[in-house]
Amino acid sequence: MSGSGTLDTLAAEAAPAALDRAGVQPAAAAKLDMLDGDEIIQFSIKPSAWYIFLVSARWIGLTIALGAALAVIAQGRWSLTSSVAFQLLSLVAVGRVGVATLQWASRLYVLTNRRVLAFKGVQSVEVAQCLLTRVAAADLRVTGGQGLLRLGSIVIAADREPAARLTWQHISRPAEVHQMLLSAIRRSHAG
């Protein structure tokens, strides 16, 4: 890992691996072994399972709209062509949900007594990190859809130019997690 102290991104090649029972790829978990001797994990969280729906919603909506248009055009008389098109639309929707599930399974957000980290990646694990002492802002953002599902995202900005950001997307109990993160940042800035 880079010792620059600001938001850094690492990419590690990792062979596709099975998920453990917690839904974490072993490669991501192995990265946590890179913690310093006195570095302590405060907590680690995954995005809410709603992440799968939220990132797939546009594709699902688009395929439903196209399927409805196809049904209107066919007027109840299904030909081989319209049946194949309908099946392809279904495959696209199912495929997008499958990709979103893999993206969800590979994401992990970690707070230690020194850093914030975000792990993501299906084929290769990418790690973004920022020292708590270099965090300039940590903002809680809740979109309309997230608010309905009691979710939120935390955008963490480092104090360097150009501003680098690390985002914890679609997390459950966002206000509580945000307060825990702010407390850790305040402690680190206090020395």
With a 3.5 Å distance limit and no angle check, can you tell me whether [X] reaches the backbone of [Y] through a side-chain donor-acceptor pair?
X: K120; Y: V127; value: no
X: S172; Y: S48; value: no
X: Q87; Y: V84; value: no
X: S56; Y: F53; value: no
X: N113; Y: E39; value: no
X: H178; Y: A138; value: yes

Minimal non-hydrogen separation, [X] against [Y], with atom names:
X: G67; Y: L89; answer: N-CD1, 3.6 Å
X: P174; Y: R150; answer: CD-O, 3.6 Å
X: R115; Y: L131; answer: CG-CD2, 3.5 Å
X: G152; Y: V142; answer: CA-CG2, 4.1 Å
X: S153; Y: Q169; answer: OG-CA, 3.5 Å
X: S44; Y: L108; answer: CB-CD1, 4.1 Å

Practice problem: Begin with the C-alpha distance, continue with both residues' side-chain angles, and end with the deciding distance and a verdict on side chain to side chain contact (heavy atoms under 4.5 Å, CB included) for I156 and T167. | Solution: CA-CA 6 Å; I156 302 159; T167 303; over 6 Å; no
Rounded to the nearest 0.5 Å, how far apart are [atom1] of [X] and [atom2] of [Y]?
X: E176; Y: F43; atom1: CD; atom2: CZ; result: 9.0 Å
X: R173; Y: L151; atom1: CZ; atom2: CG; result: 11.5 Å
X: I52; Y: H170; atom1: CD1; atom2: NE2; result: 11.5 Å
X: L166; Y: L117; atom1: CG; atom2: CG; result: 8.0 Å
X: L62; Y: R96; atom1: CG; atom2: CZ; result: 12.0 Å
X: L80; Y: S82; atom1: CG; atom2: OG; result: 8.0 Å

Between [X] and [Y], is there a shared hydrophobic cluster once you connect ILVMFWY residues whose side-chain heavy atoms come closer than 4.5 Å?
X: L181; Y: V155; value: no
X: V99; Y: I64; value: no
X: L140; Y: I185; value: yes
X: V55; Y: V97; value: yes
X: W104; Y: W59; value: no

Practice problem: Could you walk me through whether V110 and V116 pass the side chain to side chain contact (heavy atoms under 4.5 Å, CB included) test, one step at a time? | Solution: CA-CA 6 Å; V110 179; V116 289; over 6 Å; no
Exercise. Could you walk me through whether D139 and I154 pass the side chain to side chain contact (heavy atoms under 4.5 Å, CB included) test, one step at a time?
Key: CA-CA 5 Å; D139 299 323; I154 299 175; over 6 Å; no
Quiz item: If you measure only the distance, is there a donor-acceptor pair under 3.5 Å linking the side chains of Q42 and T112?
Solution: no
Quiz item: Any idea how Y109 and W168 line up, ring-wise: parallel (<30°), tilted (30 to 60°), or perpendicular (>60°)?
Solution: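 Geometry flag for W168 against Y109: parallel rings.
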Practice problem: Verify side chain to side chain contact (heavy atoms under 4.5 Å, CB included) between R186 and S183, making sure each step is shown before the conclusion. | Solution: CA-CA 5 Å; R186 281 194 291 269; S183 295; 3.5 Å; yes
Heavy-atom distance under 4.5 Å between the side chains of [X] and [Y], does that happen here?
X: V92; Y: L66; value: no
X: Q146; Y: W50; value: no
X: F119; Y: E126; value: no

